[in-house]
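Since the structure comes first, as structure tokens, the remarks are kept for the end.
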Amino acid sequence: MSEARISAPAAPAGAPARAEASAKTPAHSQTLSRGIRALEILAEAQSPMTITELSEALGVHRSIAYRILRTLEDHSLLLRDSAGRVQAGPGLAALARGVSRDLQSAALPELTALANGLAMTAFLAVWDQHDCVTLVTVEPRHASATLAPRPGTRHSFTAGGPGIAIQSALTEEQWEQIAPGQPYRTEARKAREAGYSVSHEEVIPGTSSVAAPIRIPGQLPAAIAVVYVWTDKPEDELGAQLVRAAAVIEDELR
């Protein structure tokens, strides 16, 4: 018996050429995209923004920005102060808790122990398409200054210890499959042998980072890392502590 085939109906004669193009390109919601971009802008902003500032950042008319903000405000994803300026709202925190929930729960005690034990900022980074993204950050107690990459901070895999660590948990063949065209760094090969990665002044000028990969069953690897300006602790000692912390997290996730 021959296999039946279902074909899409032919376009009517004289139909615009763009109809064919739209059939090949997945449809996207412009409104949803703008709303998400507005949240990204507010999350990255150093202070509350006016509606005019946000509309300019979005590249849309003020009235469009206002409608987007009203919708986001209804879901507690942003807040407006008495002057009408807007900032990220508590609803975002609730959403963030659901991202890699098990990984966050397993990593938080180890991040806290590293931050306080080493007097350094400790953080958890994960894979996000083409970038390495900070998921959780813990500052040491009584820190006089912060170096923290805020949750949501992203940077390319071509820079930074966490990205190197995540790469090192994958073979070069695996990396090529999931990130075609992105280079597999020489530092990742070294990290694969050492068990941890080191980088200097690649993401934040004047700082260094040490990171270790976290291998998660059925998922892409993550990384636990510390960042610092100066330390008298040898890098191999820091690396060993991060490797131990990563192993504890991996055991929790099994």
Linking I/L/V/M/F/W/Y whenever their side-chain heavy atoms sit closer than 4.5 Å, directly or via other members, would [X] and [Y] fall into one cluster?
{"X": "L79", "Y": "L39", "result": "no"}
{"X": "L72", "Y": "I36", "result": "no"}
{"X": "V248", "Y": "L238", "result": "no"}
{"X": "L78", "Y": "V60", "result": "yes"}

Under a 4.0 Å N-O cut-off, is there an ion pair linking [X] with [Y]?
{"X": "E172", "Y": "R189", "answer": "yes"}
{"X": "E40", "Y": "R37", "answer": "yes"}
{"X": "R185", "Y": "E202", "answer": "yes"}

Which heavy-atom pair separates [X] from [Y] by the least distance, and what is that distance?
{"X": "C132", "Y": "G163", "result": "SG-N, 3.9 Å"}
{"X": "A106", "Y": "L253", "result": "CB-CD2, 4.1 Å"}
{"X": "P213", "Y": "S168", "result": "CG-OG, 3.9 Å"}
{"X": "S208", "Y": "H200", "result": "OG-ND1, 2.7 Å"}
{"X": "V138", "Y": "A115", "result": "O-CB, 3.6 Å"}
{"X": "I64", "Y": "R34", "result": "CG2-NH1, 3.8 Å"}

Please step through side chain to side chain contact (heavy atoms under 4.5 Å, CB included) for the pair Q104 and R101, ending with a clear verdict. CA-CA 5 Å; Q104 290 192 56; R101 188 190 307 272; 5.8 Å; no
[X] atom [atom1], over 12 foreign heavy atoms within 6.0 Å:
{"X": "R254", "atom1": "CZ", "value": "yes"}
{"X": "K190", "atom1": "NZ", "value": "no"}
{"X": "H61", "atom1": "NE2", "value": "no"}

Find the distance between [atom1] ([X]) and [atom2] ([Y]) and round it off to the nearest 0.5 Å.
{"X": "R67", "Y": "T31", "atom1": "CZ", "atom2": "OG1", "result": "8.5 Å"}
{"X": "I224", "Y": "E110", "atom1": "CD1", "atom2": "CD", "result": "6.5 Å"}
{"X": "T50", "Y": "D81", "atom1": "OG1", "atom2": "CG", "result": "10.5 Å"}
{"X": "T121", "Y": "L111", "atom1": "OG1", "atom2": "CG", "result": "11.0 Å"}
{"X": "T71", "Y": "L32", "atom1": "OG1", "atom2": "CG", "result": "11.0 Å"}
{"X": "L118", "Y": "T231", "atom1": "CG", "atom2": "OG1", "result": "7.5 Å"}

[X] side chain to [Y] backbone, donor-acceptor under 3.5 Å:
{"X": "S105", "Y": "D102", "value": "no"}
{"X": "T137", "Y": "F123", "value": "no"}
{"X": "S33", "Y": "S29", "value": "no"}
{"X": "R215", "Y": "P221", "value": "no"}
{"X": "Q167", "Y": "P183", "value": "yes"}
{"X": "S199", "Y": "G160", "value": "no"}

When Ile, Leu, Val, Met, Phe, Trp and Tyr are grouped by side-chain heavy atoms lying under 4.5 Å apart, directly or through other members, which residues fall in the same group as I164? none
Which hydrophobic side chains are connected to F157, either touching it within the sub-4.5 Å cutoff or through other members that do? W127, I166, L170, W175, I178, Y184, L220
Considering only heavy atoms from C-beta outward, does the side chain of [X] approach that of [Y] to under 4.5 Å?
{"X": "I249", "Y": "L103", "result": "yes"}
{"X": "Y196", "Y": "L242", "result": "no"}
{"X": "E187", "Y": "V198", "result": "no"}
{"X": "L114", "Y": "M120", "result": "no"}
{"X": "L124", "Y": "I214", "result": "yes"}
{"X": "I41", "Y": "M49", "result": "yes"}

Go through the structure and list residues passing salt bridge (charged side-chain N to carboxylate O under 4.0 Å, His left out) with R154, not counting sequence neighbours. D128, D131
